[in-house]
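Below: one structure, written as structure tokens.
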There are 2 protein chains.
Amino acid sequence: MAKKETIEKTPVDCIPHLKAIQDTQDILSGKWKVLIIGSLAFSKKRYMELQRVVEGIGPKMLSKELQELEINGLVRRTVLESKPVTVEYELTAYGHTIKPVIDAMASWGKQHREKVISEIKGK
Amino acid sequence: MAKKETIEKTPVDCIPHLKAIQDTQDILSGKWKVLIIGSLAFSKKRYMELQRVVEGIGPKMLSKELQELEINGLVRRTVLESKPVTVEYELTAYGHTIKPVIDAMASWGKQHREKVISEIKGK
DNA sequence: CAGCATCCCTTAAGATACTG
DNA sequence: CAGTATCTTAAGGGATGCTG
């Protein structure tokens with residue numbers, strides 16, 4: 001079979017690459033998911049602990065984003081049988097596989113903040 | 001000076017970590033920035049090329065997000081002196097430093113897509 | 001070609017109050 | 001404690017049309 005005569009300039013093979021990026025972006029969509037994962041990466045936490053650590057998040061958003069993370073298999077929710085009900089959240093094994101993304105964000109963000117500060121001082 | 005008497009349980013030293021993550025999230029905020037960076041990571045591109053590669057983006061969003069990236073020093077805009085004006089966009093040296101974040105997203109997204117597909121087929 | 005101006009609309013997300 | 005329900009708002013983002 002002959003090649004198409006109208007060969008598009010650089011049909012850009014990077015598109016599958018962009019699709020993959022988009023997939024990750026979808027999973028991490030919303031204002032709080034990366035922060036939730038970032039804090040669960042340290043250790044499992046109860047609902048209230050999460051709300052305290054992730055500053056600014058309200059109960060509605062917290063539970064919504066946790067549910068989405070659970071649906072995608074990144075987070076496990078465990079109800080503990082205690083006097084007042086307690087619920088524990090933790091990263092699943094699969095959830096841990098996304099840590100490199102969050103770690104990359106953390107380390108770039110760290111150096112970026114330092115850079116911005118040094119620019120201000122240097123001025 | 002005495003320590004505060006109400007010592008909070010795990011005052012969570014992970015908060016600076018979360019702040020850093022949030023900084024990166026801010027810089028990459030919006031629906032298209034990671035895709036723009038992802039496609040510029042391959043090679044510099046003209047405005048129209050970007051609009052073609054980043055499927056679905058409109059001219060308004062494209063120029064808006066490019067401006068924000070330029071302001072943050074990740075992208076350089078160059079006007080070329082050609083018949084009909086042409087503008088070229090490329091990552092700055094600093095822009096390249098954020099590639100690890102995008103690469104991590106790309107590679108996680110890739111395996112995630114494969115995992116999801118295999119789960120569907122396996123069912 | 002590159003990109004701004006305008007209008008419009010959906011949706012993310014906050015505040016508040018209530019339940020098992 | 002761990003959420004849900006409802007209301008409301010701000011804003012992100014799309015479509016269209018125009019300009020240098």
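Labels below follow one simple rule: chain letters A, B, ... track the order of the sequence lines, proteins then strands, and each chain is numbered from 1.
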Contacts of type salt bridge (charged side-chain N to carboxylate O under 4.0 Å, His left out), residue B:K64, not counting sequence neighbours:
B:E68
A:K83 NZ to D:dA2 C1', in whole Å, measures 17 Å
Taking only residues two or more places apart in sequence, or in another chain, which ones meet A:W108 in a ring-ring contact (aromatic ring centres under 6.0 Å, His included)?
A:H112, B:Y94
Apply salt bridge (charged side-chain N to carboxylate O under 4.0 Å, His left out) to B:E88 and list each qualifying residue two or more places apart in sequence or on a separate chain.
B:K44
Can you tell if the side chain of B:I57 reaches within under 4.5 Å of the side chain of B:L35, non-hydrogen atoms only?
no
Hey, could you give me each pair passing salt bridge (Lys or Arg N to Asp or Glu O under 4.0 Å) that has a residue in residues 89-105 of chain B? Not counting sequence neighbours.
B:R76-B:E90
Mind checking what makes side chain to side chain contact (heavy atoms under 4.5 Å, CB included) contact with B:Q67, not counting sequence neighbours?
B:S63
Below 4.0 Å from chain A heavy atoms, what is the first contacting nucleotide of DNA chain C and what is the last?
C:dA13 to C:dA15
Given atom CZ of A:R46 and atom P of D:dC1, what is their separation to the nearest angstrom?
7 Å
The helix from C:dC1-D:dG20 to C:dG20-D:dC1: angle between terminal helix axes, five bp per end, to the nearest 10 degrees, reads 50°
Any residue meeting side chain to side chain donor-acceptor pair (under 3.5 Å) with B:D23, in chain and number order, not counting sequence neighbours:
A:R113
Mind jotting down which residue pairs meet the ring pair (Phe, Tyr, Trp, His ring centres under 6.0 Å) criterion with at least one end in residues 38-74 of chain B? Sequence neighbours excluded, please.
A:H17-B:F42
Which part of the nucleic acid, if any, lies within contact of B:Q51, taking any heavy atom under 4.0 Å across all strands shown: a base, the sugar-phosphate backbone alone, or nothing?
nothing
Are the side chains of A:K33 and B:Q25 in touch, meaning some heavy atoms are under 4.5 Å apart?
no
Applying side chain to side chain donor-acceptor pair (under 3.5 Å), name anything that partners A:S43, two or more places apart in sequence or on another chain.
A:K45
Take the protein atom OH of A:Y89 and the nucleotide atom C1' of D:dC1, then report the distance between them rounded to whole Å.
11 Å
Using a cut-off of strictly less than 4.0 Å, decide whether A:S82 has a side-chain nitrogen or oxygen near OP1 or OP2 of D:dC1.
no
With sequence neighbours excluded, tell me which residues meet side chain to side chain contact (heavy atoms under 4.5 Å, CB included) with A:T86.
A:R46, A:L80, A:S82
Heavy-atom protein contacts under 4.0 Å, nucleotides 9-20 of chain D, coded B base, S sugar-phosphate only, - none
----BBB-----
